[in-house]
Every structure is written in structure tokens, then in C-alpha cells.
Amino acid sequence: MTRLTADAARRTAIAAQGFAEPKPSGPVTRAHLRRLVSRIQVLQLDSVSVAVRAHYAPVFSRLGPYDRDVLDRSAWSHSARSPRLLVEYWAHEAALMAVDDWPLMRFRMREYEHGRWGREIVRNNAKLAEDVVAAVTELGPSTAGQIEAHLESEPRGRKGPWWDRSETKWLAEALWSAGVLTTATRVGFARHYDLTERVLPPEVLAREVDDEEAVRELVLRAATSLGVATETDLRDYFRLNPKQSKPAVAALVAEGELEPVEVQGWDVPAYLRAGQTVARRDRGTALLCPFDPLIFFRPRVERMFGFHYRIEIYTPAAKRQFGYYVWPFLLDGHLVGRVDLKAERNRPDGSTALHVVGAFTEPGRDPVRVATALAVELRSMASWLGLSDVVVGERGDLVTALRAAL
């Protein structure tokens, strides 16, 4: 069995996620985005926008400052000249994934026939589900509120009782999870639902993939994206369950697609994609949002980087250790610090700034070296977000060095 040092595993994981390659020298294009998505597979969606929404950040972290319209057009618009590249679904949590990969998720759509949560609401409101589909058919891309308003405008005798908004939203979300509806576009991050057959290409919708084959393909893609991974790492990437992932891993090993490896310090077996190059140099410098694919499985982050990381959004402010929305900082392939960031567009003096609410160094790291490199990334991020300055708060052991570096 192949044996890897912990450092070799870490370097391989970082390279697999696209951090070892130079950033584009010119504007980021759809082609750059397509290549990146084929590598990391998913861009997780999240409603928090204290700095920048989560799906934009991994592209910036790997490709540098880019026009976010490139991503918006790829995900939420379509034309003959510029066909839709991405589509939303439960690919990790709610995430953007390649349109061509939609058929790989049909097993999950069947599982979510009555939605992911609140299934009793769907089962008890079959007529309302039909009416939601009919409303979307008539209206075209619509928010849950617009669907509800349309249904309530119909005569009671024809459409039934006046419906609670939450039930309409539950039904729309359930139909989205079942693949009947999808996201046609977003406006101000509000999802506009449409019939899936009006959004995705017919050849994609027509393609059927056997459930076991789909799961094997997802595990194989996870292995490619992760570089080196345990079975639980592979399982989490597309949120599979053990009954799906374990047989898939065993089959892929038997087929020679995955190679079992032993990683120094890991107490469980790991796997490499056949032909995967083991990285030998420490590379990769970037700010990582909490939902970046490199770090969204917290047990892996701790095992691979020795970095304990939890998002503290729902922790009362007085009890937060590091802050509300904390970005780990990757420097030459190591997680060396973390910063609590907030984009401030309406400061009292009329200015705009990327506010470093708190900045912290990991134990054993040189704060001057960390601050010098971090200052470069923060300036780049502020410019990308159209903010005129970077200001540093008072929390954390890194703030003095960072203020000096800036």
C-alpha cells in the first residue's frame, strides 16, 4: 500500500482544489469558470452577505479578482450565444453545479419527491402542489410570493382556501428539491422558480443515469476534488449516506479507479484517484470563506491542517471566540490565521471599507509574516468588492502587525 506523509496529503489536497496553479493574467472568462467547476464541482450557496455571498468567494480565492457578472450569467441566464453553465441543486448543501451533471442527482430528486423537510406539508397539500406548478407554468419565473399572490387572486371556488405564505413556500421548495422546478434566475438573491424543462437543455433532461452509477461517479469526482480523502471525506462532498458511499468506494477500488493509501497520522484508510499526482511543494495563498470546498468538512480540516474551525454566526456575540463570519487564511499551503470580515458600504464618513473586525494568528506562526501576506490578500479583496479601504479593528493578536502591514 502506498504511504503518504501528512504534508504530502495536505499538499495534494490543496493542489486538487486548484490553489497550486497561477491565477489568470487577464480577465476571468466563462472558460476559466468552467474549468474551475469541473475541478471543485460545487459552489455552495448561502444567504449571509456580511462580506460577499459564499458562492462568489471560492472563485476569487482561486482565480483572483473577477467580474461577478461572469458567474451570474453562467448561473442565472441563458442565450443561444451564452448557454447556461450552472444550475442550483442539493449538490452539497444548496449549491451551484454544472448543468451537464443534473442527471447525476436524479436519485436524490426521487428521494426528495415530497421535499427535503416538512414532507407532511407536501403530502397533505397535493392540490396546492398542482396549483403551484400551474401558476409557474402560466407566470414563468416567479418568486414564492408572486406564486402565492397569483393563487390568491383566483376565485375561492376554483382554487380552494386562502393559503398561508409559508405553505406556498414549502411547496415551491419541495418541488425544487424534487426536480420539478428549478431556479431560473435570482434577483437580490431571491429565487425565481420555473419549470425545469424550460430552464435546462432537453438533452440533459433526457439523459438517465443508473443510481449506483451516479453515486460511483459522484464519489470519483469527490476523490478528484479532494486529492486524498477518507471514505467519510468522499461521502460528505456530495452529502451521500454510508449505504451509498461505502459500496461505491469498494467498487471503485476493485475497478482500479481509487487507490488505497496510508497517511501518516490518520487513523483510517484513505484513497487517491488513480493517476493522481502527489504534490511536493507547499503552494496556495488565499482567503477562504466558511463554505469553501477546501474547508467545508470540518473534521477533515482538523485532521489535515490541525485547524479547529467552527462558524459562529449563531453563537451569541459575547460567546464568540473569533467572530461572526471568519475567513481562514491559507499561506503557502498552511492555515496560518483567520479574520472576521465585514464589507461596510455606508460608513459614517461616507466612505467604504473592508472591515477586519478581528484578526488572529495560529499558534506557532510568525505574526509579521502572516500579516504581510494577509495585507496583500485583503487589499485585493477590497478592490474586488469595490471598497476603497481596509480598516482593522481591535480584536485578536494579529491586529497590530496587520495594521502596520497595511
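- Environment of CG in D69: crowded, with over 12 heavy atoms of neighbouring residues, nucleotides or ligands closer than 6.0 Å.
- Under the salt bridge (charged side-chain N to carboxylate O under 4.0 Å, His left out) criterion, R11 pairs with D282, not counting sequence neighbours.
- Side chains of S351 and D349: a donor-acceptor N/O pair is present below 3.5 angstrom, by distance only.
- A donor-acceptor pair under 3.5 Å is formed between the side chain of R62 and the backbone N or O of Q17.
- Within the model, atoms CG of D131 and CD1 of I147 stand 11.5 Å from one another, a figure rounded to the nearest 0.5 Å.
- H192 is not listed as a side-chain neighbour of W76, based on a closest heavy-atom distance of 4.5 Å or more.
- Across all non-hydrogen atoms, the minimal contact from G284 to L330 is O-CG, 3.4 Å.
- Looking at P201 and V99, their side chains come closer than 4.5 Å, going by heavy atoms from C-beta outward.
- When each of W117, W102, F107 is checked for a ring-ring contact (aromatic ring centres under 6.0 Å, His included) with W90, only W117 meets the rule.
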In a table with atom names and distances, give each donor-acceptor pair under 3.5 Å that connects a side chain of residues 213-224 to protein atoms at least two apart or in another chain.
residue, atom, partner, partner atom, Å
E217, OE2, R221, NE, 2.8
R221, NH1, Q41, OE1, 3.4
R221, NH1, D101, OD1, 2.8
R221, NH1, D101, OD2, 2.6
R221, NH2, D101, OD1, 3.3
T224, OG1, L220, O, 3.0
T224, OG1, R273, NH1, 2.5

Quiz prompt | Steps toward salt bridge (charged side-chain N to carboxylate O under 4.0 Å, His left out) verdict (E21, R39) | solution = CA-CA 12 Å; E21 297 180 0; R39 177 186 288 254; 2.5 Å; yes
Quiz item: Can you list the steps and then say if V87 with M97 is a side-chain contact (heavy atoms from CB on, under 4.5 Å)?
Solution: CA-CA 6 Å; V87 63; M97 59 183 286; 3.9 Å; yes
Exercise. Could you please spell out the steps behind the side-chain contact (heavy atoms from CB on, under 4.5 Å) verdict for V356 and V399?
Key: CA-CA 8 Å; V356 182; V399 293; 5.6 Å; no
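- Heavy atoms only, all atoms of each residue included: P247 and P242 are closest at CD-O, 3.7 Å.
- A donor-acceptor pair under 3.5 Å is formed between the side chain of H92 and the backbone N or O of D236.
- Side-chain contact between V52 and R68 is present, with heavy atoms from C-beta onward closer than 4.5 Å.
- Remark: L86 CG to H55 NE2 distance equals 10.0 Å, nearest 0.5 Å.
- Remark: the backbone N or O of S177 is paired with a side-chain donor or acceptor of Y89 at under 3.5 angstrom.
- How far OG1 of T183 is from OH of Y193: 7.0 Å, rounded to the nearest 0.5 Å.
- For residues 371-388, every residue pair satisfying the side chain to side chain donor-acceptor pair (under 3.5 Å) rule, not counting sequence neighbours, is listed here: T352-S388.
- Between the side chain of R283 and the main chain of F19, no donor-acceptor pair closer than 3.5 Å is present.
- For W266, the ring pair (Phe, Tyr, Trp, His ring centres under 6.0 Å) criterion is met by no residue, not counting sequence neighbours.
- R403 places a side-chain N or O within donor-acceptor distance of the main-chain N or O of G393, the cut-off being under 3.5 Å.
- Under the 3.5 Å distance criterion, the side-chain polar atoms of S142 are matched with a main-chain donor or acceptor of G140.
- A salt bridge is absent between D389 and R347: the closest approach of a Lys/Arg side-chain nitrogen to an acidic carboxylate oxygen does not fall below 4.0 angstrom.
- Partners of Y237 under the ring pair (Phe, Tyr, Trp, His ring centres under 6.0 Å) rule, at least two apart in sequence or in another chain, are F296.
- Defined by atom type and a distance below 3.5 Å, a donor-acceptor pair is present between the side-chain atoms of T2 and E259.
- The backbone N or O of R84 lies less than 3.5 Å from a partner atom in the side chain of H78, making a donor-acceptor pair.
- Across all their heavy atoms, V263 and A9 have their closest contact at CG1-CB, 3.8 Å.
- Within the 4.5 Å cutoff, the side chain of L341 has heavy atoms near those of the L378 side chain.
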Using residues 358-365 as the side-chain source, report each donor-acceptor pair under 3.5 Å to any protein atom, sequence neighbours left out, with the distance given to one decimal.
residue, atom, partner, partner atom, Å
T361, OG1, D397, OD2, 3.4
E362, OE2, R338, NE, 3.2
E362, OE2, R338, NH2, 2.8

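- Counting only heavy atoms from C-beta outward, the side chains of E93 and L45 never approach each other to under 4.5 Å.
- Salt bridge status for E113 with R123: absent, with no side-chain N to carboxylate O gap under 4.0 Å.
- H32 and P27 get closest at one heavy-atom pair: CE1-O, 3.5 Å.
- Nearest heavy atom pair, residue E88 against residue R186, reads OE2-NE, 2.7 Å.
- Distance alone, capped at 3.5 Å, places no donor-acceptor pair between the R10 side chain and the F305 backbone.
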Quiz item: After noting the C-alpha distance and the side-chain angles of Y324 and I313, does the key distance pass the side-chain contact (heavy atoms from CB on, under 4.5 Å) rule?
Solution: CA-CA 5 Å; Y324 180 79; I313 289 174; 3.7 Å; yes
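- Scanning both residues, A57 and C289, for their nearest heavy atoms gives CB-CB, 3.6 Å.
- For the atom pair CZ of R281 and CG of D7, the computed distance is 15.0 Å after rounding to the nearest 0.5 Å.
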Quiz item: Checking salt bridge (charged side-chain N to carboxylate O under 4.0 Å, His left out) for the pair D211/R110: CA distance, chi angles, key distance, verdict?
Solution: CA-CA 10 Å; D211 287 3; R110 287 189 285 272; 2.3 Å; yes
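- Panel note: side chain H334, backbone L331; no donor-acceptor pair is recorded below 3.5 Å.
- Taking the six-membered ring for Trp and thresholds of 30 and 60 degrees, Y325 and W327 have ring planes more than 60 degrees apart, a perpendicular arrangement.
- Taking the ring axis of F189 as reference, the NZ or CZ atom of R53 stays within 45° of it and closer than 6.0 Å to the ring centre.
- Once rounded to the nearest 0.5 Å, the distance linking CZ of F307 with CD1 of I295 reads 7.0 Å.
- Between L175 and V136 the shortest side-chain heavy-atom distance does not fall below 4.5 Å.
- E173 has a carboxylate O that lies under 4.0 Å from a charged side-chain N of K169, or vice versa, which qualifies the two as a salt bridge.
- Salt-bridge formation is detected for the pair R303/D233: a Lys NZ or Arg NE/NH1/NH2 atom is positioned less than 4.0 Å from an Asp or Glu carboxylate oxygen.
- No side-chain heavy atom of Y271 sits under 4.5 Å from any side-chain heavy atom of T230.
- Counting non-hydrogen atoms of other residues, nucleotides and ligands closer than 6.0 Å to CZ of R207 gives a total above 12.
- Looking at I311 and V326, their side chains never come closer than 4.5 Å, going by heavy atoms from C-beta outward.
- Applying the 6.0 Å contact sphere to NZ of K23 captures more than 12 heavy atoms from other residues, nucleotides or ligands.
- A distance of 8.0 Å separates OG1 of T137 from CG of D194, quoted to the nearest 0.5 Å.
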